[in-house]
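Values reported hereafter were calculated over all heavy atoms of this structure, with side chains retained and with hydrogens, waters and symmetry mates removed.
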Amino acid sequence: KKFGSYRVKTNNGHFDFLRSKEVMTVADYLNAEVSEWNLFFADMAYSLQRDVWHALREAGNLPLEAEGFDARPILSVGGKASST
């Protein structure tokens, strides 16, 4: 609910001539429960990813950071049965 109003670009996971993209809110994406669409953000390039990361940090839920990992931050969100 906290991030439901964010507008994001979804994609169908293809990186060729079959690639499709659609912009919608996170709430609409999750409510659609469509398995062939996904959200994938890397390197804090989007406000949604940064805000989710900060919310997790505030809640103390960044386990890899606590174990000393220095990783590329990725946010991937999928509905039921999605490839994400």
Problem - From NZ (K1) to CG (L30), nearest 0.5 Å - result: 12.5 Å
Exercise for the section: Could you list the residues that satisfy side-chain contact (heavy atoms from CB on, under 4.5 Å) with A32, not counting sequence neighbours? Expected result: V34
Completion exercise
The side chain to side chain donor-acceptor pair (under 3.5 Å) partners of N31 (sequence neighbours excluded) come to none
Practice task
For S20, enumerate each residue passing the side chain to side chain donor-acceptor pair (under 3.5 Å) test, keeping only those at least two apart in sequence or located in another chain.
Solution key: none
Problem - Interatomic spacing from OG1 in T25 to CG in L48 - rounded to 0.5 Å - result: 11.0 Å
Problem - Residues forming a side-chain contact (heavy atoms from CB on, under 4.5 Å) with K21, sequence neighbours excluded - result: K9, N11, R19
